[in-house]
Protein chains: 4
Amino acid sequence: MAADTKSLYERLGGADVVASIANDIVDIHMANPVLNPRFKNSNPDELKILVRDFFAMGTGGPNNYKGKDMLSAHSGMNINETEMISTIDDVMVALDKNGVGQEEKNEVLAILYSLKNDILHV
Amino acid sequence: MAADTKSLYERLGGADVVASIANDIVDIHMANPVLNPRFKNSNPDELKILVRDFFAMGTGGPNNYKGKDMLSAHSGMNINETEMISTIDDVMVALDKNGVGQEEKNEVLAILYSLKNDILHV
Amino acid sequence: MAADTKSLYERLGGADVVASIANDIVDIHMANPVLNPRFKNSNPDELKILVRDFFAMGTGGPNNYKGKDMLSAHSGMNINETEMISTIDDVMVALDKNGVGQEEKNEVLAILYSLKNDILHV
Amino acid sequence: MAADTKSLYERLGGADVVASIANDIVDIHMANPVLNPRFKNSNPDELKILVRDFFAMGTGGPNNYKGKDMLSAHSGMNINETEMISTIDDVMVALDKNGVGQEEKNEVLAILYSLKNDILHV
């Protein structure tokens, strides 16, 4: 990785691709029976903006994220491992759909996994 | 059961015992690591009143329940089977603590189980 | 319940009905995606006999059960609450299919629930 | 990653470190209450050899693995997401304990995640 001088955000394809990935993640989550009960009271359009901005920030892109930190965002939800794996699966499908390569997928996986303690059972 | 002319509410011991059971259920839930993330934003005193009145109503006692129906109350929470079993376990401990007999415990279990489709994954 | 002088086994309908319930339980389990990985190496006919004899024994019928005790039978399987609830659901469907009444269903539920500590996470 | 000419096996530290990681993984699993019911009938020493050889093979080291393929090894176990996440966590602890760096940890995570469909619910 040391040889890469581009951020993950750039290697994903920048603003347009990240926005497209975020839109796809939300759409796939909302069609996923393991996850969609969680989104019953969510506005998909607002959610897409939050996901886009969080994804950009977390991959070394611009920092416009206006949402809560991960721990506050998930506090009281008691999210379990089945939901977390299903979420990661959906993200991987969205990355595939947007032509992201294996190495970048692995980096996104590692980032998602690193957020685990602020998401699961909190 | 046909020979019983008393309601389950009366056989549990009426208002005082049901209020005590409800208090114990909420206290036990809040100390239960499987469940307590769900109660982070709950007021225990308000919850005890809701549980007491729901329990009274569901066992043939007075109907003063002011809360939501079960489906509305749990909608968006994506409650899973581990949480449901842990909830039932806590209720059984609270019944034991209040001297409830095996037959009445079985009836409460059957009532809780009958609520399953309005609670799990909704 | 005090007024009942008949065993649960008799009230379920005796040997023929219990055998039919056991056959249905195994068939329903094997078609249930939550449970069927567990039965990949099982012989359905042998399993039906074990379930029939265990069910008979546990409901006050004849004791011909040749299987392991519940703890030994499930040791090392790490069965979880989702599987247990799904198992109970299947049993309830089998009871409905065989015309079993609500009170007897509740008694079977209580018996299954009482086995929990010998089945879950052992 | 393109700049690395060494295999992950070499970058982990080769045979001695991989053997140490494998030993630690098995010890940590066997002390983990989420996982240890699965190992009730396992021989830890045999398991350590299998894990060592599988790990070596999967990271580009020598191929001496004598065990079953992943799908056959887990068939009938109905392993769930909680167990899988707990397994990955244990592996990460074992990697930390053996001084493995963040990039190599991410690569191991990606390999483990890629095995998911041969392990979960099969």
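Throughout, protein chains are lettered first and strands after them, A, B, ... in sequence-line order, and every chain is numbered starting at 1.
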| said: Just checking D:K40: does its NZ atom have more than 12 heavy atoms from other residues, nucleotides or ligands closer to it than 6.0 angstrom? | reply: yes

| Are D:D89 and D:V93 side-chain neighbours, meaning at least one heavy-atom pair lies under 4.5 Å? | no

| task | Give a yes or no on this: more than 12 heavy atoms of other residues, nucleotides or ligands lie within 6.0 Å of atom CG of A:N43. | result | yes

| Can you name the nearest heavy-atom pair linking A:A56 to A:Y9, along with the distance? | CB-CE1, 3.6 Å

| field | Minimum heavy-atom distance D:S42-D:P44, with the two atoms named | value | O-CD, 3.5 Å

| said: So if I apply the side-chain contact (heavy atoms from CB on, under 4.5 Å) rule between D:Y113 and each of A:N106, A:L109, A:L112, which one comes out positive? | reply: A:L109

| message | Non-hydrogen contacts under 4.5 angstrom with chain D: give the residues of residues 68-83 of chain A involved, or none if there are none. | response | A:E81, A:T82

| task | Counting only heavy atoms closer than 4.5 Å, note whether D:K116 contacts chain A via side chain, backbone, both or neither. | result | side chain

